[in-house]
K.L.:
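Let me begin by handing over the structure; questions about it come next.
Hydrogens, waters and symmetry mates play no part in the numbers below; they use all other heavy atoms, side chains included.
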Amino acid sequence: LLISALAVSGHKANDATNPRQAIQAVLDSITKDLVAANRTSLAARYDRSGAVFLGNWGMRTVPFDSIPDVYGPKWTAPVRFHWRNITMDVIDSRNAVVYAQFMWYDSATASSLTQYTGVFRFDGKAWRIRSDHESWQLPCPADTLSK
């Protein structure tokens with residue numbers, strides 16, 4: 001029994017230090033916080049040195065103290081949200097890249113598919129977002145399909 005208990009506890013310890021599982025837990029928490037419109041928790045997920053935001057709207061570097069402005073009064077939470085096609089590339093013990101898509105539901109029927117790339121950094125306590133790149137699906141002009 002003792003050997004079984006040690007084996008199980010050792011397995012759990014390994015799970016706790018597994019970057020992929022820890023990052024997936026962050027993604028799962030982001031899902032909950034987005035739908036709950038928990039702006040404070042969302043802002044706290046970013047790297048303390050700040051973050052680089054990229055997407056269809058352009059690029060901007062935001063110091064950590066200004067990240068709550070990203071989730072300011074103009075930001076609206078989704079009614080539903082879920083990640084799709086998540087791929088993680090763990091670079092080393094402190095850095096990882098997440099490639100994914102997400103579905104953002106503005107209402108029960110209105111949704112959008114967005115491409116996501118996130119650079120995550122482990123600060124010794126938690127995995128935090130250092131760069132956040134979101135690009136939503138844009139209509140593809142018909143003439144580009146034939147080229």
K.L.:
Tell me every residue that passes side chain to side chain contact (heavy atoms under 4.5 Å, CB included) with Asp92, counting only those two or more places apart in sequence or in another chain.
P.N.:
Arg94, Asn95

K.L.:
Under the rule for side chain to side chain donor-acceptor pair (under 3.5 Å), what residues qualify as partners of Asn38, not counting sequence neighbours?
P.N.:
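Asn38 satisfies side chain to side chain donor-acceptor pair (under 3.5 Å) with no residue once adjacent residues are dropped.
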
K.L.:
Sorted by first residue and then second, give each side chain to side chain donor-acceptor pair (under 3.5 Å) pair with at least one member in residues 72-84; sequence neighbours left out.
P.N.:
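Qualifying pairs, neighbours excluded: Thr31-Trp83.
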
K.L.:
How close do Trp127 and Pro19 get, heavy atom to heavy atom, and via which atoms?
P.N.:
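Taking every non-hydrogen atom into account, CZ2-CB, 3.7 Å.
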
K.L.:
If you look only at pairs with a residue in residues 25-53, which of them pass as a ring-ring contact (aromatic ring centres under 6.0 Å, His included), with sequence neighbours excluded?
P.N.:
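For residues 25-53, and leaving out neighbouring residues, the ring-ring contact (aromatic ring centres under 6.0 Å, His included) pairs sorted by first residue read Tyr46-Phe53.
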
K.L.:
Run through the side-chain heavy atoms of Ile, Leu, Val, Met, Phe, Trp and Tyr, join any pair under 4.5 Å, and report what else lands in Val52's cluster.
P.N.:
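Cluster partners of Val52: Leu54, Met59.
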
K.L.:
Under the rule for salt bridge (Lys or Arg N to Asp or Glu O under 4.0 Å), what residues qualify as partners of Arg45, not counting sequence neighbours?
P.N.:
Asp33

K.L.:
Who are the side chain to side chain donor-acceptor pair (under 3.5 Å) partners of Asp28, not counting sequence neighbours?
P.N.:
Gln24

K.L.:
Only counting residues at least two apart or in another chain, list the ones meeting side chain to side chain contact (heavy atoms under 4.5 Å, CB included) with Val79.
P.N.:
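Applying side chain to side chain contact (heavy atoms under 4.5 Å, CB included) to Val79 gives Tyr105.
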
K.L.:
Cluster question for you: counting only ILVMFWY and a side-chain heavy-atom cut-off of under 4.5 Å, with indirect links fine, are Val90 and Ile86 together?
P.N.:
no

K.L.:
If hydrophobic clusters are built from ILVMFWY residues whose side chains come within less than 4.5 Å, do Val97 and Ile23 share one?
P.N.:
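Not linked; separate clusters.
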
K.L.:
With clusters defined by side-chain heavy atoms of hydrophobic residues (ILVMFWY) lying less than 4.5 Å apart, directly or transitively, does Ile30 cluster with Val119?
P.N.:
no

K.L.:
Show every side chain to side chain donor-acceptor pair (under 3.5 Å) that has at least one partner inside residues 110-119, sequence neighbours left out.
P.N.:
Gln101-Gln115, Gln115-Gln137

K.L.:
Looking at residues at least two apart in the chain, or sitting in another chain, which of them share a salt bridge (Lys or Arg N to Asp or Glu O under 4.0 Å) with Arg128?
P.N.:
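Listed in chain order: Asp123.
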
K.L.:
Please tell me if the side chains of Phe120 and Leu27 come closer than 4.5 Å, counting only heavy atoms from C-beta onward.
P.N.:
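Result yes, sub-4.5 Å side-chain heavy-atom pair found.
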
K.L.:
For the OG atom of Ser41 and the OH atom of Tyr71, what is their distance to the nearest 0.5 Å?
P.N.:
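It comes to 10.0 Å.
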
K.L.:
Which atom names give the shortest non-hydrogen contact between Arg20 and Asp89, and what distance separates them?
P.N.:
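Smallest interatomic distance, heavy atoms only, reads NH1-N, 4.3 Å.
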
K.L.:
Could I get the full list of side chain to side chain contact (heavy atoms under 4.5 Å, CB included) partners for Ser107, not counting sequence neighbours?
P.N.:
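Ser107 satisfies side chain to side chain contact (heavy atoms under 4.5 Å, CB included) with Thr109, Ala110 once adjacent residues are dropped.
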
K.L.:
For the residue pair Ala77 and Trp104, what are the closest heavy atoms and their distance?
P.N.:
C-CZ2, 4.1 Å

K.L.:
Looking just at side-chain N and O atoms, do Ser131 and His133 make a donor-acceptor pair shorter than 3.5 Å?
P.N.:
no

K.L.:
Could you name each residue pair satisfying salt bridge (charged side-chain N to carboxylate O under 4.0 Å, His left out) that touches residues 110-122, not counting sequence neighbours?
P.N.:
Asp47-Arg121

